[in-house]
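The next block holds one structure in the form of structure tokens; read it before the comments.
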Amino acid sequence: MSKRTLYTIIAALIVVGIYVYEAYLKQEEQLEIVNKGAQAKTLTNEFFLPTSTTNQLVHHEGYSLSYSEAHEQAEWVAYELKKTQLSYNDFDRPYFEIDQAVKTGAASWKNYKNSGYDRGHLCPAADRRYSQKAYDETFLTSNISPQKHDFNSGIWNTLEQKVRYWAKKYDGVFVVTGGVLKGTMKTIGNEHVSVPNQFYKIVFDYNNGTPKVIAFLLPHKNSKEPLHNFVVSVDFLEDLTGIDFFSELDDAIENEIEASDSYRNWRF
DNA sequence: CTGGGACGC
DNA sequence: GCGTCCCAG
């Protein structure tokens with residue numbers, strides 16, 4: 001065998017070796033994502049998770065979500081906000097990243113660039129300030145929806161602050177939130193991210209005597225009306241979205257709390 | 001708190 | 001792409 005042939009063979013082996021090694025690394029990375037999801041799932045109180053109409057559940061450590069590929073955003077994001085998680089840590093805002101745990105491919109943040117719409121958090125960054133990791137995790141593109149800035153910084157922000165107030169007052173709450181992905185919607189970006197015409201939020205107090213729930217449906221525009229003007233029943237939201245929000249909850253409790261659109265048990 | 005955009009490396 | 005600075009609701 002000539003030296004030249006030998007060198008050619010060695011070079012070929014090196015190329016193949018690199019290729020195999022890269023494939024190995026990629027597989028390890030995928031496994032890590034899957035394991036993290038499984039771990040997060042066991043840490044999540046699954047009984048309260050809504051159903052996924054899109055059959056794509058994603059679990060992160062700080063929240064779970066159901067991703068709608070058709071609308072390039074979550075149909076719901078759900079998380080527990082414990083009283084002990086409320087914190088005044090002031091982390092630097094990271095860059096938004098594509099959520100690699102979304103198998104169909106989460107939207108790029110570039111869809112939002114110069115769109116005129118905010119990258120509106122569904123699980124608010126301020127609700128996950130108990131650790132840098134949890135905070136950064138809210139900046140995944142699976143956790144955002146296009147929102148008008150005056151809405152996001154206005155009545156939506158007010159509602160998010162109210163949730164933190166309730167979490168403190170009632171020693172923790174469960175939260176489910178999202179845009180209503182129905183009807184005719186405008187889209188933004190190359191991936192056509194839908195702009196919801198309404199946003200909802202459900203707050204569940206599970207450990208303060210009798211379980212109680214309050215649900216809001218807000219048009220996608222800012223308002224100076226009081227928040228209680230936007231209270232609806234969970235049943236109403238279920239009819240609107242097709243999502244079953246408390247399917248794992250005891251039926252008797254479920255039926256009672258879902259039918260109510262009263263806010264008499266909630267202090268504003 | 002909720003976010004945006006411009007500029008330089 | 002990342003850091004820094006300045007901006008508004």
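By convention in this document, chain letters (A, B, ...) are assigned in the order of the sequence lines, proteins followed by strands, and residues within each chain are numbered from 1. Because only heavy atoms are used, hydrogens play no part in the values below, and waters and symmetry mates are left out as well, while side chains stay in.
- Put simply, the side chain of A:Thr141 does not reach to within 4.5 Å of the side chain of A:Glu97, judged on heavy atoms.
- A:Phe174 has its ring centre less than 6.0 Å from the ring centre of A:Tyr206.
- A:Ser233 and A:Ser260 share no donor-acceptor pair across their side chains, judged by distance under 3.5 Å alone.
- Residues from residues 114-130 of chain A that place a heavy atom under 4.0 Å from any atom of DNA chain C: there are none.
- Within the structure, the ring pair (Phe, Tyr, Trp, His ring centres under 6.0 Å) test picks out the following pairs touching residues 133-153 of chain A (sequence neighbours left out): A:Phe91-A:Tyr135, A:Phe96-A:Phe139, A:His121-A:Phe139, A:Tyr135-A:Phe139, A:Phe151-A:Trp156, A:Phe151-A:Phe199, A:Phe151-A:His220.
- Annotation: side chain of A:Pro50 is not in contact with side chain of A:Ser247 (no heavy-atom distance under 4.5 Å).
- Using a 4.5 Å cut-off on side-chain heavy atoms (C-beta onward), A:Glu254 and A:Asp244 make contact.
- Contacts between chain A and DNA chain B, taken as any atom within less than 4.0 angstrom of a protein heavy atom, begin and end at B:dC1 to B:dG5.
- Side-chain atoms of A:Gln73 and A:Tyr67 include no donor-acceptor pair closer than 3.5 Å.
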- prompt: What's the verdict on salt bridge (Lys or Arg N to Asp or Glu O under 4.0 Å) for A:Glu137 and A:Arg128, showing C-alpha distance, side-chain angles and the deciding distance?
  reply: CA-CA 8 Å; A:Glu137 207 174 46; A:Arg128 304 284 84 159; over 6 Å; no
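- Counting heavy atoms from C-beta on, the side chains of A:Phe245 and A:Tyr200 come closer than 4.5 Å.
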Under 3.5 Å, side-chain donor or acceptor atoms of residues 261-268 of chain A against the rest of the protein: list the pairs with distances, not counting sequence neighbours.
{"unit_1": "A:Ser262", "atom_1": "OG", "unit_2": "A:Arg264", "atom_2": "N", "d": "3.1"}
{"unit_1": "A:Ser262", "atom_1": "OG", "unit_2": "A:Arg264", "atom_2": "NH1", "d": "2.9"}
{"unit_1": "A:Trp266", "atom_1": "NE1", "unit_2": "A:Val213", "atom_2": "O", "d": "3.4"}

What nitrogen or oxygen pairs link the protein and nucleotides 2-9 of chain C at under 3.5 Å?
{"unit_1": "C:dG3", "atom_1": "N7", "unit_2": "A:Tyr95", "atom_2": "OH", "d": "2.7"}

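- For DNA chain C, no neighbouring residue in residues 223-230 of chain A is found when judged by any heavy atom under 4.0 Å.
- Electrostatic pairing of A:Asp118 and A:Lys148 does not count as a salt bridge here, judged by no charged N lying under 4.0 Å from a carboxylate O.
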Stepwise salt bridge (Lys or Arg N to Asp or Glu O under 4.0 Å) check, A:Lys212 with A:Asp205: CA-CA 5 Å; A:Lys212 64 177 186 288; A:Asp205 171 18; 2.7 Å; yes
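- Looking at heavy-atom distances under 4.0 Å, A:Glu160 makes contact with sugar-phosphate atoms alone, never a base.
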